[in-house]
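What follows is one structure encoded as structure tokens, with my remarks underneath.
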Amino acid sequence: MTTPVQDLSFFDDIKAYVGFTDADAAALAGFEPLVAPHYERIADHFYECILAHPKAHAAIRGGEAQVNRLKRTLVDWMRTGLLGPHDERYYHRRTRIGRVHVQIDLPQQYMLTAMDVFRIDLRQVVEETYAGEAEGRRRLNDAVDRLLDMELAIMLQTYKEDSEDRLRRKERLATIGQLAAGIGHDLRNPLGVIESSLYLLRRRDHDEKVSRHLEKISAQVKICGEIITDLMEMARNRPPKRSRVDVGALIADVVASVPVPPDVTVLQVVDECVEIDADPGLLRQALANLVSNAALALESSGGRIRVSGEALEREVVLTVADDGPGFDPATLSQAFEPLVTGREQGVGLGLALVQSIARRHGGSAEAENRMDGPGAVIRIRLPRTEADEAGAEEEV
Ligand code: HEM
């Protein structure tokens, strides 16, 4: 029984459209040993064309080291493309390419034109090496065309998806910026009045119930203050003011200052003498957001939060893990999107700000659910020094 057209996956649909068959896959696999001796030459030619064109060249920011690395990636791309199998796993590996091209701001037209560089070079190899009859040669050329069309379709599709995501994110951030500028500032004043009245009220004697409610108001006012701070920080998007930060001391300071429910324990695990060139205020804010999120996740169940700092060769990894319910799979992929939240009462700024702070330091933030049980893990990866940041860019 054939699958109805509307139920085909994106990849199967493309395969069906270009008419890629098992016979094409077999022809390409048979062709691969003939192309293998030419891989390096084709990869060299591919990057010669890019480097000769100033606007395409601009996407390569890491110099010769990056080009050499990309050539190896490209040889692997050619080999795995010709050999297959052209299954869902193959498709998922290919989806990365368009996404990476969005990250490096590669204009779309260069992917289209670059594919023709391969097409021409592969056709030439067919001409030079194929010893069979004309009909077999034509079939092989057709199979190459179909493969390259599928590659292009996947690349352009994921490129489009990620570009749209990026645009949506930009628009959201712009909206947040306007919101922050408009109301964040205005809210500070009434909150300040509430805080000072609370201060006066708490100095008087009250019965236990009133005192408890005053504490609750105070805690909520503090949360409002934090949301405003996040909003303003998000809107300002200021570059980090770096100094030498002792990661152990920073974590201890954050853990001491963020309130957690009584049945939540916080474990601190830091490699000895980990230091980083970073903005202490921004890092503190990012970590405090993460610990506070973890504490909220454990509010009703209690549990453990683990805050760790680990030094790798060129980066420092800060991790906050909890054993709460973890991310809902539907929101995990959007964990860092501003205004997206898994909590009923959340605004969805905390993690967006964490990512923005990591990126401003030349680093990144990752979110996942724990493998060894329920719980969420957020990791911030930061270059240890500004020089490491430049090195990391070179490698990208
Ligand atoms: C149609 C042709 C192209 C193919 C098949 C291709 C293939 C690839 C592959 C396989 C990757 C690695 C993705 C990963 O990390 O998994 C990549 C990344 C990259 N590509 Fe392309 N690419 C193409 C066009 C271009 C063009 C035209 C440029 C530049 C003008 C370019 C620049 C880059 C850069 C800078 C990276 C990124 C980062 C790194 O160093 O890993 N690509 N590409």
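These values consider heavy atoms only, across backbone and side chains, with no hydrogens, waters or symmetry-generated copies. In each ligand, atom 1 is the first atom listed, and ligand 1 is the first ligand listed. This one's a predicted model, so the numbers in the text were calculated from it and none came from an experiment. Numbering starts at 1 and runs along the sequence shown.
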Flag Arg96 as yes when one of its N or O atoms lies below 3.5 Å from any N or O atom of ligand 1, and as no otherwise. yes
With ring centroids as reference points, do Phe118 and Trp77 lie under 6.0 angstrom apart? yes
Ile50 neighbourhood, listing ligand 1 atoms whose heavy-atom distance to it stays under 4.0 Å: 26 (C), 27 (C), 28 (C), 29 (C), 30 (C)
Under 3.5 Å, side chain of Asp207 to main-chain N/O of Val210, donor-acceptor pair present? yes
State the atoms of ligand 1, each with its element, that fall below the 4.0 Å cut-off from a heavy-atom position in Met111. 1 (C)
Taking atom CD of Glu315 and atom CZ of Arg381, what is their separation to the nearest 0.5 Å? 5.0 Å
Considering only heavy atoms, does Leu106 approach ligand 1 within less than 4.0 Å through its side chain, its backbone, both, or neither? side chain
Salt bridge flag under 4.0 Å for residues Asp277 and Arg244: yes
Give yes if a backbone or side-chain nitrogen or oxygen of His57 is under 3.5 Å from a nitrogen or oxygen of ligand 1, and no if not. no
Would you say the ring centroid of His101 lies under 6.0 angstrom from that of Tyr110? no
Exam field: side chain Arg93 to backbone Thr80, donor-acceptor pair closer than 3.5 Å: no
Is Asp142 salt-bridged to Arg138, cutoff N-O under 4.0 Å? yes
Exam field: side chain Asp24 to backbone Thr21, donor-acceptor pair closer than 3.5 Å: yes
Report the part of Asp76 (side chain from C-beta onward, or backbone N, CA, C, O) that has a heavy atom under 4.0 Å from ligand 1; answer both or neither where that applies. neither
Taking atom 34 (C) of ligand 1 as the point of reference, which of Thr80, Val100, Ile104 owns the nearest heavy atom? Ile104
In terms of its nearest heavy atom to atom 3 (C) of ligand 1, the top option of Phe46, Tyr110, Trp77 is Phe46
Using a 4.0 Å cut-off to any heavy atom of Ala114, which atoms of ligand 1 qualify? 1 (C), 2 (C), 27 (C)
Which option, His53, Arg93, His101, owns the non-hydrogen atom nearest atom 31 (C) of ligand 1? His101
Can a non-hydrogen atom of Met155 be found less than 4.0 Å from any atom of ligand 1? yes
